[in-house]
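Read through the structure below, which is laid out as C-alpha cells, and then see the notes.
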Amino acid sequence: MKQGIHALFSALLLAAGAFFAQPAGAASFPSEPIKLVVGYPPGGSTDIAARIIADKLEKEIGKPVLVDNRAGASGIVGASTVARATPDGHTLLFAASPEIALVQALGRQINYNPRTDFEPITIIAQVPFMLVIHPDVPAKDLRAFLDYARKNPNKVNFASYGLGTSNHLIGEYFKTHTDTRLVHVPFKGSAPAMTDLLAGRVQMAFDTVPVVLPQVESGKLRALGVATKDRSPLAPNVPTLHEAGLPDFVGGTWFGLYAPAKTPEDVLAYLNRAFVNALKDPDVSQKLHGRGIVPVGSSPAELTAFADSEIKRWSEVVQRAGIKLQ
Amino acid sequence: MLDNLLFGFGVALSWSNLAFCFVGVTAGTLIGVLPGIGPLAGVALLLPLTYSLPPIGAIIMLAGMYYGAQYGGSTTSILLRLPGDSSSVVTALDGYAMAQRGRAGAALTIAALSSFVAGTLSTLLLALAAPPLAAVALSFGPADYFSLVVLGLIAAAGLGHGSVAKSVAMVALGLLLGIVGIDITTGMLRFTLGLRELEDGIDLVSVAIGLFGFSHIIFSLEESRSEQRAVAPIHKLSLTRQELRDSALPTVRGSLLGSLLGVLPGGGAVLSSFVSYALEKRISKQPDAFGQGAAAGVAGPESANNAAAQTSFIPLLTLGIPPNAVIALIGGAMVLQGITPGPEVIDKQPALFWGVVASMWIGNLMLLLLNLPLVGLWVQLLKIPQTYLFPAVILFASIGVYSTNGRAFDVFLAAAFGVLGYGLLKLRFEPAPLMLGFVLGPLLEENFKRALLLSRGDLAVFVTEPKSLVLLGLATALLCVFTLPSIARRRHKVFAESDN
C-alpha cells in the first residue's frame, strides 16, 4: 500500500512538473489524457499488455494514459469507435490482429476500413503460439505426430478459441500446410479449450506460451514446437516448428497501435517515439515476456507492411479452408 | 494436511497479509453492495494496484474481493430486490419477501451467517480435496455438461409459478435470449438485429438488473400511487429461533452444492444458487412459504454462491484453468507477479497456495464481523422515501450496468428488460425461470454441439458416458414426477409461489 501511495505521489509530482514544463503551441501534445481503446474485456492478454504499457507511458509523458475497454464482436466495436474519434492523437486503438487483419480475411461486414481509416504508429508486440498435443497421442515429436495424423485421418481433434479466431486459422493453416485431416472443435476462449485438451478429449491445440508451458513442464501436455523464427526465452528447450520440420511455419496474434486517419504528422511521430521508448524499458519488457508477449516497437511503415502481409496470408488460409462467417 | 493448513495460517496471519485481506474483503463488500457492479469490474479496477504488492498479499487481496462481493451482493437483493451481481439474483426472491414482512434484518443476518458457514466448509474442502476435485472437473466432458444442463432446466420448472405452461414459456424465452449473438461453431449471427453490440450476446447483468430491479421499481410506483403502501415496520434485527432452525440444513446443503458446482467451468456461482433454491423448495415441508419469505430460500442460495466462489479457485490453482472471468483476471495477476497458475503451484509455491486458502477463512470471519454490524445500517435504507430512493437506485444500477462493458447500449438494454419484466409481472409470469434459461441456454447448445462433434455425430454418446447417463436418468425421473397426474396435483402445492 505504501508503495502505491508513493507511486501516486510521484505520478502527481511528475504530472505537475510536466504541466509547468509544457511549451505552448502545437508542440503541447498531449494536452489531455490519452485514451487507449482496447476492443476486449479487462483481463485478457490485449488488455493486460495495454495496461502494462500505459503504466510506463504515463510516467514518461506526464499525462494520464487510460485503458478504455470497448469490448465486443472480436475487437470490431473498439476499432470502429477509434475510426470515428477526433484525430488529435488523444484517442488511440490498441489493436490486436482480429479487428485489423482477420476481419478482412474473413470478409466480415465492418463499418471501417482497416487500411484507410487509421494511421499506423508502431507494431507493439507479437504473441506467438506453441503447438501442443495430449501425451496419449503416440508421438514424441512433430514428425511422428504428422505420421500419426496422416495414418489416422479425421481422428485427431484440434481445439480453438472459436470459429474464425486466430488459433482456429493457424490450425487450418497447419492442416493445409502439412496435408493432414484434423477435426476442428471450437470453444469459447482458451480456458475451456485447455480443459478438454488436458482431459484428452481433444488432442491438439495452438495456444500462447504462458498458457501451455506449466502443463508442458508437469507432463500433462507435450510441446511439439513454437511457431516463431526464434525459440521462446520462456521455453528454450522447445524447438521452433521450423527446426522441427515445418520450414518457415510461423504464426500467432499481434498487437499494433493505430490513430484515427488524419492525425497530424508531428503527433504521430511523438506517439511513435513515446511507445517505442516505453517498449524498450526493461521492466515493461520483462512483464510482457512473462505473459508470452514479445515486445517489438517498429516504424509506422513496418506496421503497414506487416498488417498487409497478414491480411494476404490469412485470406488465403480462409479461402483454402473454405471458412464462412455469417 | 493439518500441518499445511497451520503453515498457511502462519502466512496469512502476518500483519501485512491480514491488512491485504481486510482491504480486499472490504472493497468486495462495497462492490457487491453497489447494484450491477460485480466482482469482475471490481477486480479489474483493483488489479493495477496489485502490481507493486508482494505476490501472496496481492492474491489474498484479490481473492478477498471476489468472495467479499458475494457477501455484499445479497444486500441490495434483500432490501430493494436489486441483485448486486448475478449470483444473488435468487436471493432477491425470498430475501425481499422477508424484508417486506419486516424481517430485513433477519434476512441480512441469515445471508451473512450462511455465507460464513459456507466459506468455512468450502475452505476446509479446498484444503482437503483440491486435487481430487480438480480431477472431477476435468472428467466432465461435453456430453456430461449437456445432461447436467438438461437436469437443471427441468428443475427450473420448480422456480416458477403454479402454471407449468408459464414456467416452460419463461424457460424457453430465456433459452432464446441466451443464444443471441455469434454462434462459435458456425459463425452465424442470430437475433442480433444488425446491432454490433449484440454479437457477443446479451449481457447477464443487463438482464438481471432490468428484469428484477427496474421492473420492480415500475411496479412499486404504480402500487404506491393506487394505495399508499406503508413501509413495513422493521422488527428486531436478530433471528428468531425458528428462522435459525430453518436455515441450518439448507446452509449445509447449499455449501456442498456450491462447492461442487463451483469447480465446474462456466456456470459456477450463478448456477449453484439457482439449483440450491430449487432443491430447498422441493424438499421443504412448507413449499408454500417459498417466495413469501422463507429463511431457507435465502440461506441455501447464499451459502451456495459463496462456496462456489471459493472452490472456483481450485481449477486455477491445481490445473491452471480459470473457470470464470473473475478467476481468469486473478490468474492474470498471478502471472504478472511471476507465478504461473498450474499444476505446480501447490508444490512450488506452498506459501502462496496454503496462505491464500487460510486467508479465505480469515477473510470470511472478517466479512462476518464486518457485515453483522452493518445490517442495522443497511436496514435504515428502507426508511428513505421512495421519491429519493428509486432515482438513486436507478442511477447506481445504471452505472453498474455501464461499467461491465463500458457501453451505454447495455443500460438501454437493461431499461428494455425493465419494461419486459414489468409486463411479465403484470401477466403473472415469474422472471426466475427466464433467468435460468438465459444462463443455461448457451451451455446447453454449445455442449450438445461439441459432444456430437467429438462423437462424430453419434447421438448415443449421451447414454454411453456414465455420468451423462446418470444425469439424464435423474432428469427423466424428475420429468415423470411433473407429468404423472397424481403427483402433478401435489406439484401445484410444491411449486406455487405467490406473486409478491
Side-chain angles (χ1 to χ4, degrees), chain A residues 1 3-4 6-7 41-45 47-48 51-52 54-55 68-74 76-77 80 106 110-111 154 157 160-165 183-192 194-196 198-199 201-202 210-211 213-215 217-220 287 290-291 323-326, chain B residues 16 19-20 23 40-41 43-45 47-49 51-53 137-142 182-189 196-197 199-200 265-266 315 319-332 335-336 338 340-345 404-407 442 446 449-450 453-454 456:
Chain A
M1 271 293 66
Q3 274 170 312
H6 272 292
S45 71
D47 174 71
I48 299 259
R51 282 175 200 274
I52 291 170
D55 210 36
D68 188 6
N69 301 93
R70 296 290 175 100
S74 38
I76 296 175
V77 171
S80 55
L106 292 161
I110 41 176
N111 54 356
N154 292 326
N157 300 312
S160 83
Y161 307 157
L163 192 87
T165 55
V183 179
H184 173 226
V185 182
F187 288 83
K188 239 182 199 153
S190 168
M194 232 358 95
T195 312
D196 276 16
L198 287 179
R201 283 182 287 268
V202 292
V211 167
L213 198 61
Q215 314 294 352
E217 281 171 350
S218 65
K220 294 199 161 75
K287 277 182 178 155
R291 288 202 64 108
I323 301 165
K324 277 205 182 71
L325 282 182
Q326 291 168 358
Chain B
S16 61
F20 288 130
V23 171
L40 185 60
V43 171
L45 286 171
L47 194 62
L49 283 180
Y51 293 164
S52 51
L53 302 181
L138 211 54
S139 75
F140 242 74
I182 197 161
D183 173 20
I184 56 155
T185 325
T186 61
M188 197 140 85
L189 292 174
R196 204 52 86 187
E197 287 85 351
E199 278 186 18
D200 294 327
L319 300 171
I321 295 172
N324 62 48
V326 184
I327 299 289
L329 215 51
I330 295 176
V335 172
L336 283 177
T340 316
E344 307 201 311
V345 170
T404 320
N405 293 315
R407 299 195 304 210
E446 222 186 288
K449 283 186 177 170
R450 194 172 299 135
L453 205 54
L454 290 174
R456 305 291 184 263

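Every chain is numbered from 1 and lettered A, B, ... according to where its sequence line falls, protein lines coming before strand lines.
Across A:P186, A:S190, A:A199, A:P214, the residue that shares the most heavy-atom pairs under 4.5 angstrom with chain B is A:P186. Of the residues considered (A:G290, A:P210, A:S218), A:S218 shows the highest number of contacts with chain B, using heavy-atom pairs under 4.5 Å. Between chain B and the options A:L198, A:V77, A:N111, heavy-atom pairs under 4.5 Å are most frequent for A:L198.
Neither the backbone nor the side chain of B:S16 comes within less than 4.5 Å of any heavy atom of chain A. For chain B, the nearby parts of A:F187 are the backbone and the side chain; heavy atoms of each come within less than 4.5 Å. Looking at A:L213, neither its backbone nor its side chain comes within 4.5 Å of chain B, counting heavy atoms on both sides. Only the backbone of B:P341 has a heavy atom closer than 4.5 Å to any heavy atom of chain A. Using a 4.5 Å cut-off between heavy atoms, A:D55 contacts chain B through its side chain alone, with no backbone atom that close.
At least one side-chain heavy atom of A:V202 sits under 4.5 Å from a side-chain heavy atom of B:L454. Proximity of B:R456 to A:N157: side-chain heavy atoms (C-beta onward) are separated by under 4.5 Å at one or more points.
Between A:T195 and B:L138, the shortest heavy-atom distance links the atoms O-CD1, 3.5 Å. The two atoms that bring B:R450 and A:K188 nearest to each other are NH2-N, 4.2 Å, heavy atoms only. Taking all atoms of both residues into account, the shortest heavy-atom contact from A:V185 to B:L453 is CA-CD2, 3.7 Å.
A donor-acceptor pair under 3.5 Å is absent between the side-chain atoms of A:R201 and the main chain of B:P142, judged by distance alone.
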